[in-house]
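Quick notes on the structure that follows.
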Amino acid sequence: MNRAAMSHPALSRLAVEDDELLLGGRTLTALAEQVGQTPFYAYDRDAITRRVDAVRATIPREVSLHYAVKANPMPAVVDHCATLVDGFDVASLGEMRTALDTGMPAEEISIAGPGKRREELRAAVAAGVTVNVESPGELERLAEAGEAAGRRPRAAVRVNPDFELKSSGMKMSGGPKQFGIDAEEVPGVLGRLGELGLHFRGLHIFSGSQNLSVASLVEAQNATFDLAYRLAEDAPAPLEMLNIGGGFGIPYFPGEEPLDIAACGENLERRVEECRDRLGAVEVMLELGRYLVGEAGVYACRVLDRKVSRGHTFLVTDGGLHHHLAASGNFGQVIRKNYPVVTPRRVHDGPRETVSVVGPLCTPLDLLADRVEMGRAEEGDLVAVLQSGAYGYSASPHRFLGHPPPEEVLV
Ligand SMILES: *Cc1c(COP(=O)(O)O)cnc(C)c1O
C-alpha cells in the first residue's frame with residue numbers, strides 16, 4: 001500500500017473526466033489511438049503556457065525568463081516555449097540548432113557546458129550566440145574561433161560559486177566542479193577577456209537544480225547577487241546580463257510539496273531593485289528547465305502481462321527504463337523512490353491494488369514503480385507515469401536491449 005502516492009500533489013491537479021485521465025482535453029486512451037503506438041510521451045501545451053504565466057506573475061517584470069532546453073528539447077516543445085519565454089539556454093550544438101530553428105534571436109540564446117568542442121564554439125560565434133565560458137582554456141579557444149571567423153564573440157563567464165545551493169536534488173556549485181570558473185579565478189579571466197577584445201556580456205551563476213526549499217533558494221539568490229557585485233568590479237565592461245540560474249524544483253516523490261515561488265519572487269523583487277542601483281541597466285535572467293515543462297508531461301505505456309510471483313503482482317509493460325530512466329530511479333537518485341503512477345481509466349475510483357510496474361528489459365533495474373497502489377489494470381490497459389515532461393525521453397538509453405523507441409507528442 002502506498003497511500004502517500006495517492007496524496008501526491010500531482011494527482012489532485014490532474015484533469016479527469018469520468019475517472020479518466022485527460023491530457024490536452026483528450027483521454028489518454030484516445031490519445032494513444034492518435035499517436036498510433038505505445039509507449040509515448042505526451043506534453044500538454046496549455047499546461048506549459050499556464051506554468052510560464054504563473055512564473056511571470058510572481059517574478060519582477062524586469063527579470064527575463066529563459067528556458068533551459070536540455071530539460072525537454074523536443075522541437076515542438078521548444079517552438080512553443082519560444083512564444084512564451086525571453087530566451088533559451090542550450091548545452092550543445094544540437095540544442096543550439098533547435099533553439100535557432102524556432103526563430104528566437106541569437107542574442108537571446110546562450111550556450112553553456114563543460115567541454116565545448118571547437119566546432120561548437122565556431123558555430124556559436126557564427127550564429128552570434130553568447131558563449132558561457134567555463135575555463136581559461138576555453139576562453140582562448142573562443143577568441144581563436146572569433147579570429148578565424150572575423151567576428152567578435154559574445155562571451156559571458158560562467159562562475160563556479162564559492163557557495164552551494166543547499167538541499168538541491170543536484171548540486172552544481174561549491175567545491176571543485178567541472179562547471180564554470182572558480183569564483184576566485186574569475187577576476188583574472190575577466191581581465192584576459194578584456195585583453196582579447198571579446199564582447200563581454202556578463203556573468204552566469206548557476207548553483208543547482210531540483211530544489212523545493214524556498215529558504216535555500218533565497219539564500220542562494222542572495223549569495224549570487226553579492227558574488228556578482230564583487231566580480232563586476234573586475235569586469236572589462238559593465239555587465240549587460242546577469243544569469244542567476246534557477247533551480248526551481250517540482251515534487252516527484254511521496255511527501256514532496258510544490259515550491260512556493262511567490263516567496264522566491266518577493267526576494268527577487270528586492271534584490272533586482274538593489275542590483276539596478278549597484279550595476280546599472282543589467283538584464284537579470286532566470287533560467288528554468290524542469291519547472292516549466294516537467295509537470296506538463298506524462299509517459300504512457302501498455303500492460304503486456306499481469307503476473308503474480310510469490311504473492312506479489314507485477315504489471316509487465318511495453319515501456320521501461322530504456323524510455324524513462326529517471327522514473328526507474330537510475331538518473332541521479334541515491335535511494336530509489338516512485339514517481340506518481342496512475343491507471344488512466346481508473347485515476348481515483350474503482351478497484352485498487354498494490355502492484356509493481358516493470359518493463360520488458362532483462363534487468364531488475366527496469367522498474368517503473370515499486371509496490372504502488374493504483375487502479376486495477378488489465379492486460380492491454382495503459383499505465384501513465386506523471387511528472388514526466390522533463391529529463392524523460394531525451395535522458396534515456398533508447399538503444400539498450402533494442403526495443404522500439406517511444407514516440408513524443410505535444411497536444
Ligand atoms: C540543467 C541546467 C538547467 C536546468 O535545470 P532544471 O533543474 O531543469 O531547471 C539550467 N541551467 C544550467 C546551466 C543547467 O546545467
Side-chain angles (χ1 to χ4, degrees), residues 43 48 51-52 54-55 59 63-74 77-78 81 84-92 94-96 98-99 108-116 120 124 129-135 138 156-161 164-165 167-174 177-181 201-213 216-217 220-221 224 241-253 256 258-259 261 264 284-297 325-326 331-333 387-395:
Y43 315 116
I48 297 173
R51 182 50 72 96
V52 171
V55 173
I59 63 175
V63 171
S64 332
L65 182 59
H66 279 216
Y67 174 54
V69 170
K70 84 169 189 279
N72 187 331
M74 184 198 185
V77 168
V78 183
C81 287
L84 304 171
V85 300
D86 305 304
F88 289 133
D89 295 304
V90 300
S92 69
E95 286 187 5
M96 189 180 98
T98 303
E108 312 300 342
I109 301 174
S110 65
I111 180 165
K116 298 180 196 74
E120 287 182 298
V129 162
T130 295
V131 175
N132 293 324
V133 175
E134 315 228 3
S135 79
E138 188 174 87
V157 171
R158 178 162 178 194
V159 183
N160 174 23
E164 63 173 36
L165 173 54
S167 48
S168 245
M170 232 173 251
K171 284 201 175 48
M172 289 176 75
S173 68
K177 286 282 181 296
Q178 72 267 50
F179 310 108
I181 297 170
R201 292 273 293 130
L203 300 171
H204 178 216
I205 306 179
F206 180 80
S207 51
S209 192
Q210 180 49 23
N211 203 300
L212 293 169
S213 157
S216 302
L217 284 167
Q221 280 174 359
T224 297
M241 50 140 284
L242 171 60
N243 182 332
I244 61 168
F248 291 12
I250 61 172
Y252 286 108
F253 307 124
E256 292 184 337
L259 178 68
I261 54 167
C264 295
V284 175
M285 43 185 80
L286 194 63
E287 169 190 37
L288 298 177
R290 80 186 74 219
Y291 194 77
L292 302 185
V293 296
E295 300 195 75
L325 189 65
F331 189 64
Q333 280 135 263
Q387 309 297 76
S388 297
Y391 306 108
Y393 181 94
S394 70

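For ligands, and for the atoms within them, numbers begin at 1 and follow the listed sequence. Starting from 1, each residue takes its place in the sequence as its number.
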Checklist line | side-chain contact (heavy atoms from CB on, under 4.5 Å) assessment of Leu165 paired with Leu217 | finding: CA-CA 7 Å; Leu165 173 54; Leu217 284 167; 4.1 Å; yes

Next item on the list: Please state which part of Ala68 comes within less than 4.0 Å of ligand 1, counting heavy atoms only: side chain, backbone, both or neither.
Entry: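 The answer is the side chain of Ala68.
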
So is [X] polar-close to ligand 1, meaning N/O to N/O under 3.5 Å?
{"X": "His204", "result": "no"}
{"X": "Gly289", "result": "yes"}
{"X": "Arg290", "result": "yes"}

Check: Taking the non-hydrogen atoms of Phe206, is any one of them nearer than 4.0 angstrom to ligand 1?
Finding: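 Contact check Phe206 vs ligand 1: positive.
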
Note to self: Please find the pair of heavy atoms, one from Arg290 and one from Ser209, that lie closest to each other, and give the distance.
What the structure shows: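 Taking Arg290 first and Ser209 second, the nearest heavy atoms are NH2-OG, 3.1 Å.
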
Next item on the list: Can you figure out which of Tyr391, Phe248, Phe179 has its heavy atom closest to atom 5 (O) of ligand 1?
Entry: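 Selected option, by shortest heavy-atom distance: Tyr391.
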
Checklist line | Full working for side-chain contact (heavy atoms from CB on, under 4.5 Å) between Leu292 and Val85 | finding: CA-CA 10 Å; Leu292 302 185; Val85 300; 4.2 Å; yes

Notebook entry, point to check: Ser110 pairs by side-chain hydrogen bond (donor to acceptor under 3.5 Å, both in side chains) with which of Asp89, Thr130, Asn243?
Noted result: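 The passing option is Asp89.
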
Item checked: Under 3.5 Å donor-acceptor, Gln210 side chain and Ile250 backbone ->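 The answer is yes, because a donor-acceptor pair under 3.5 Å joins these two groups.
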
Check: For ligand 1, which atoms, with element, lie under 4.0 Å from some heavy atom of Ser209?
Finding: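 Within the 4.0 Å cut-off of Ser209, ligand 1 contributes 5 (O), 6 (P), 7 (O).
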
Margin query: Any salt bridge linking Glu95 with Lys70? Criterion: basic side-chain nitrogen under 4.0 Å from a carboxylate oxygen.
Written below: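 Not counted as a salt bridge, because no side-chain N and carboxylate O are separated by less than 4.0 Å.
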
